[in-house]
Undergrad: 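Before anything else, here's the structure in question.
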Amino acid sequence: MPELPEVETIRRDLEPRLVGRRFTRVEIAPDRVPVLQGIDEATFREGVAGARIEALSRRGKFLIIDLDTGAKLVVHLRMTGKLLLPDAPLTGHLRATFTLDDGSTLRFTDLRKFGRLWLVDSLSPLFDNIGPEPLTEGFGLEALSAALLNRKAAVKSVILDQRRIAGIGNIYADEALFEAGIMPARLGGGLSAEEVVRLHSAIRTVLLRGVESRGASFRDYLDAEGQSGSMQMYVKVFRRTGKPCYVCGTAIERCRIGGRSTHYCPVCQR
DNA sequence: CTTATTCCCTGATTGC
DNA sequence: TGCAATCAGGGAATAA
């Protein structure tokens with residue numbers, strides 16, 4: 001499940017390999033499930049083939065490839081999507097192949113076929129409702145307070161909501177709440193000022209650790225070279241149900257919040 | 001506006 | 001042992 005740290009790792013790996021190159025050919029693998037969002041195949045191919053890549057950026061879990069035509073190729077990997085460079089072995093279902101002017105390819109594969117591609121002239125309206133980036137300087141305490149203000153949903157659901165904060169998925173939500181010592185089922189608007197401070201710091205800590213570890217590979221995630229990340233080795237609660245808490249030894253518990261598996265220490269998190 | 005639930009998708013895992 | 005049911009989860013759609 002590529003979340004902010006995983007998408008950022010892919011962005012950093014792809015940047016030196018793609019910027020300055022030109023797409024020469026685009027091939028969409030025929031499939032019952034569409035991979036292109038809001039654009040037909042011919043228009044997409046015409047808009048990408050021949051275009052030079054100027055920059056790679058990220059917004060939440062979206063990867064953005066700026067083209068010299070002014071258009072932007074946007075990728076969302078969702079659950080099992082991968083962007084693979086030539087040396088990486090092919091895993092999952094091939095959804096699209098982009099050939100570059102140096103003869104190399106960038107392949108988009110996706111086992112569960114939830115991932116999507118867009119080609120847009122403007123990032124609006126696609127990104128209109130995405131919340132603040134938690135690793136930028138602009139993400140201060142006030143930004144998190146505003147996201148949580150008066151929320152009656154579980155704090156975990158609030159931080160998973162991409163409209164409130166960008167880039168957090170199930171792994172980093174559980175880890176951030178453990179790091180902050182907050183029970184995931186607590187109401188978002190019910191945290192004390194002190195707890196908001198702890199959560200703010202915890203979100204940044206776990207996301208930064210994720211980026212430094214090149215992402216978490218539990219089942220599916222692989223970077224652009226086809227390599228695993230190592231964040232799963234530093235994870236303290238996610239998928240550790242029944243195992244002892246590293247801090248107090250109590251068995252990690254699991255529940256369901258907002259339809260998502262949620263892992264927590266019943267003693268360390270209040 | 002809010003929150004909660006269902007659905008999409010397929011390979012792995014669980015249950016009888 | 002074998003096959004069916006369940007699980008995993010990001011986000012859109014839908015319900016309330």
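Below, chain A is the first sequence line, B the second, and so on; all start at residue 1. Predicted model only: the values in this text are computed from it and were never measured.
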Undergrad: With a 4.0 Å cutoff (strictly under), does any side-chain N or O of A/Ser261 reach OP1 or OP2 of C/dG9?
TA: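 For C/dG9, OP1/OP2 do have a side-chain N/O of A/Ser261 under 4.0 Å.
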
Undergrad: Rounded to the nearest Å, what distance is computed from the CZ atom of residue A/Arg112 to the C1' atom of nucleotide C/dG9?
TA: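 Atom CZ in A/Arg112 sits about 7 Å away from atom C1' in C/dG9.
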
Undergrad: Give a yes/no verdict on base stacking between C/dG11 and A/Phe114: centres under 5.5 Å, planes within less than 30° of parallel.
TA: no

Undergrad: Could you go through nucleotides 3-7 of chain B and list every protein N or O atom that sits under 3.5 Å from one of its N or O atoms, giving the distance for each pair?
TA:
| from | atom 1 | to | atom 2 | distance (Å) |
| --- | --- | --- | --- | --- |
| B/dT3 | OP1 | A/Arg151 | NE | 2.9 |
| B/dT3 | OP1 | A/Lys152 | N | 3.1 |
| B/dT3 | OP1 | A/Ala153 | N | 3.4 |

Undergrad: Taking the ring centre of each residue, are A/Phe218 and A/Phe238 less than 6.0 Å apart?
TA: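 Between A/Phe238 and A/Phe218, which both carry aromatic rings, the centre distance is below 6.0 Å.
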
Undergrad: Under a plain distance cut-off of 3.5 Å, with no hydrogens placed, do A/Thr9 and A/Asp223 share a side-chain donor-acceptor pair?
TA: no

Undergrad: Check the distance between C/dG11's C1' and A/Leu126's CG and give it to me in whole angstrom.
TA: 12 Å

Undergrad: Could you state the CD1-P distance from A/Ile168 to C/dG11, rounded to the nearest angstrom?
TA: 11 Å

Undergrad: Under 4.0 Å between any heavy atoms, over every strand shown, what does A/Met1 touch: base, sugar-phosphate, or nothing? Just pick one.
TA: sugar-phosphate

Undergrad: Please confirm whether the shortest side-chain N or O distance from A/His93 to OP1 or OP2 of B/dC9 is below 4.0 Å.
TA: no

Undergrad: A/Arg78 or A/Leu111: which one's nearest nucleotide on DNA chain B is closer to the 5' end?
TA: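 Looking at the nearest nucleotide for each, A/Arg78 comes out on the 5' side.
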
Undergrad: Does one side chain, of A/Tyr264 or A/Arg254, offer a donor that lies under 3.5 Å from an acceptor on the other?
TA: no

Undergrad: For a salt bridge (Lys or Arg N to Asp or Glu O under 4.0 Å) check, start with the C-alpha distance between A/Arg59 and A/Glu133, then their side-chain angles and the critical distance, and finish with the verdict.
TA: CA-CA 7 Å; A/Arg59 180 78 173 90; A/Glu133 282 293 322; 2.9 Å; yes

Undergrad: Enter the distance from A/Glu225:CD to A/Leu14:CG here, rounded to the nearest 0.5 Å.
TA: 8.5 Å

Undergrad: Take the protein atom CG of A/Leu77 and the nucleotide atom P of B/dC8, then report the distance between them rounded to whole Å.
TA: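 So the two atoms are 22 Å apart, to the nearest Å.
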
Undergrad: What does A/Arg239 touch in the nucleic acid at a heavy-atom separation under 4.0 angstrom: a base, only the sugar-phosphate, or nothing?
TA: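 Sugar-phosphate, no base atom in range.
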
Undergrad: Evaluate the criterion salt bridge (Lys or Arg N to Asp or Glu O under 4.0 Å) for residue pair A/Lys61 and A/Glu6; output intermediate values, then yes/no.
TA: CA-CA 8 Å; A/Lys61 302 174 193 171; A/Glu6 287 75 26; over 6 Å; no

Undergrad: Calculate the interatomic distance between A/Lys82 atom NZ and C/dG10 atom P; express it in whole Å.
TA: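 These atoms are roughly 14 Å apart.
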
Undergrad: Output yes when at least one side-chain N/O atom of A/Lys61 is less than 4.0 Å from OP1 or OP2 of C/dG10, else no.
TA: no

Undergrad: Tell me which nucleotide among C/dG11, C/dA8, B/dC9 gets nearest to the side chain of A/His76.
TA: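 Of all the options, the side chain of A/His76 is nearest to C/dG11.
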
Undergrad: Rounded to whole Å, please give me the gap between CD1 in A/Ile159 and P in C/dG10.
TA: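 One finds 12 Å between P of C/dG10 and CD1 of A/Ile159, rounded.
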
Undergrad: Would a line drawn from the ring center of A/Phe178 to the ring center of A/His263 be shorter than 6.0 Å?
TA: no

Undergrad: What does A/Phe238 touch in the nucleic acid at a heavy-atom separation under 4.0 angstrom: a base, only the sugar-phosphate, or nothing?
TA: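 Sugar-phosphate contact only.
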
Undergrad: Can you tell me how far P of C/dG10 sits from CG of A/Asp110, to the nearest Å?
TA: 13 Å

Undergrad: Separation of A/Phe218 atom CZ from B/dT13 atom P, in whole Å?
TA: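 After rounding, the reported distance stands at 15 Å.
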
